[in-house]
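Notes to accompany the following structure.
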Amino acid sequence: MTTPTAKRWEIVDLIANRTVTAGEYKPSIKDYLSELTVKPLTGIPVALAVLYAFWSIFSSFAGALVTDGFMVKLFDNYWLPWIQNVWPNPDSVLYFLFVGDPLADNCFEAFGMLTSGLFVSIGVVLPAIFIFYLMMTILEDSGYLPRLAVLMDGLFHKIGLHGYAIVPAILGLGCNVPAVTATRNLETKKQRFIMMVLLAVFIPCGAQLGIMLDVIPETVGWVMLYLIIGFCLFGFILGKLIPGGNPEILIDIPPYRRPALQNICKKLWVKTKGFFINAIPFVLLGILFVNVLYLLGVIQALADLFAPLFVTWFGVPKETVGPLIAAFLRKDLAVAQLSTIAMTPYQMITAVVLISIYFPCVATFVVMLKEGVKELAAAVGVLAVIVFLYGGLIHLIGILLGVA
Amino acid sequence: MAGNKNKDKEKILMVGNPNVGKSALFNRLTGADATVSNYPGTTVDYTKGMLETSEIIYEITDVPGMYSLEPKDGAEEVALKILENNRDATILMVLDATRVERGLYLALEVIERGYRAVLVINMIDAAHEKGVSVDIYNLQKILGIPVITTSALSGEGLLDLTDRIRYAQASDIELIEKRAKGEVTEEESKGGCAGCGLCGGGCI
């Protein structure tokens, strides 16, 4: 026995009439501000400014200030020489696993668990994650994100999604794990699938962004451009290919609020704690795993096997196979590993783009599995095709530009 | 939690529209690590926490925000499933004091399904700012369930809420309709008042 919708609203009205009184309401500054940030004419410039500011603060704080200004010096000048000195027997397997290259003079190239592993996770990724979530929290707690969703609605509809998709997209820039869960807010299966594929393929996570800023600061813009173009291009194609509609949806816009300091601190604490527990062990184990594979000659064998694909089709050296295997564990790790391979700038861009798009990391893989086995299988199939096509396309562009 | 084995445990589900401050309230009640956000549909995975009062330990679940019990997206499906799997739970119906109507709609849906519920009118400070006021005495009488106003931001009304969760009531939609129309006898109007003490015992 349920009441029909219209009848229920009738009762709601009756009750509200008897109990709720609305006083006189005059629009406040918040309301004008709200209007300005939602209307396309003024809203789009504001959105561009906000996103640009986000990126500038992110890169200057995480990359320039903390990592280059402080962590690199600390790790390269003090930690690395010290551990290379005290760890016995540079020719041993243990030295290779934990300290890495005895001749390295920086933590990127040493590639041992205790050298590169600690440096990547604490020196590079931790500051990136911290500043990313700080700004993200301010954006969401102030109420700006839903407005951005409204503004993005037009663009996202062209790629088979709607404005809500901006939430998993931005979350994915931090970490794909919450982002995949956030795709549940999308209304249809089609939208969820498209978003999941695009997330897994084209959105680099905070850890990866942080390390890109540090390893290839001058080309990170190109990598991002390729990823954004790929996001739109393949979103458009998938939107056309996958059957099903793309319904309009109402977006609920809460009023602007001043973010509460207590909330910000709490969220930052939760995220940072999560990083220490869930990510750092993965980086360390990842390095260990990759180093063991190197010792066993597995990487060499795989590199030889995939060499034709990598060299002819993608236009990158076959050594990049190793980092691609590491990327399944941690993408930041893989980018760090790439930095030690000799490549032209264009090959570097291609290789980093490949790492971004080639496969979700193991944590993302697991949450995608939770969303559905069939969906995951389909997503993996689709992304294999995308990697092949897009990797080839980037190589082709490079050939046409005469740089590849 | 040692030494509390002889206390009763009860389940509470926090239900409400998105952006009504459920997660903030949840944090206040449990002191847990749930994140507080206000972008669309933050709570897509649910969060659990404990609230301990002098008699009862409550296990509170922060259910993802929803607009109605007819789900439109994955988050609402998760929410509905939680509700259906916990038919005996107490429902904390959280609504935004500036948008009472929308919250009431969902509240009526919940009440119709026979849940014992408490109505929490959150963000009361924002409502006062906007000049909106809610007659909770009357609302309580009409709905037949306890009604409490809170502000998760300032903590106002939180003690009152923890105090009165145990007076949660099931109510009857037909009686609610009659009372809303003013068509009830004195006897019927006594119906579901929650013994909350707000009316000075007059309604019991």
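No hydrogens, no waters, no symmetry mates; every other heavy atom, side chains included, goes into these values.
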Item to check | Least distance between heavy atoms, A:Lys266 atom then B:Asn27 atom | outcome: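 Of all heavy-atom pairs spanning A:Lys266 and B:Asn27, the closest is NZ-CG, 3.9 Å.
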Checklist outcome for this item: B:Asn138 and A:Arg18 have their tightest heavy-atom pair at ND2-O, 4.1 Å
For the [atom1] atom of [X] and the [atom2] atom of [Y], what is their distance to the nearest 0.5 Å?
X: A:Ile15; Y: B:Glu101; atom1: CD1; atom2: CD; value: 10.5 Å
X: A:Thr19; Y: B:Ile121; atom1: OG1; atom2: CD1; value: 7.5 Å
X: A:Leu14; Y: B:Ile176; atom1: CG; atom2: CD1; value: 12.0 Å
X: B:Glu177; Y: A:Lys7; atom1: CD; atom2: NZ; value: 3.5 Å

Could you check whether atom [atom1] of [X] has more than 12 heavy atoms from other residues, nucleotides or ligands sitting under 6.0 Å from it?
X: A:Arg258; atom1: CZ; value: no
X: A:Ile29; atom1: CD1; value: no
X: B:Ile165; atom1: CD1; value: yes
X: B:Leu159; atom1: CG; value: no

Measure [X] against the heavy atoms of chain A and call it side chain, backbone, both or neither at under 4.5 Å.
X: B:Arg102; result: both
X: B:Met123; result: side chain
X: B:Glu109; result: both
X: B:Val134; result: both

Checklist entry - In terms of heavy-atom pairs under 4.5 Å with chain B, which of A:Leu148, A:Asn17, A:Thr5, A:Ile264 leads? => result A:Thr5
Next on the checklist: Which atoms of A:Arg147 are under 4.5 Å from chain B, going by heavy atoms: the side chain, the backbone, both sets, or neither?
Outcome noted: neither
Next on the checklist: If you count heavy-atom pairs within less than 4.5 Å of chain A, which of B:Pro71, B:Ala180, B:Ser133 leads?
Outcome noted: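 Highest number of heavy-atom pairs under 4.5 Å: B:Ser133.
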Checklist entry - Testing B:Leu108, B:Leu106, B:Leu104 for side chain to side chain contact (heavy atoms under 4.5 Å, CB included) with A:Arg8, which one passes? => result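 Answer after filtering B:Leu108, B:Leu106, B:Leu104: B:Leu108.
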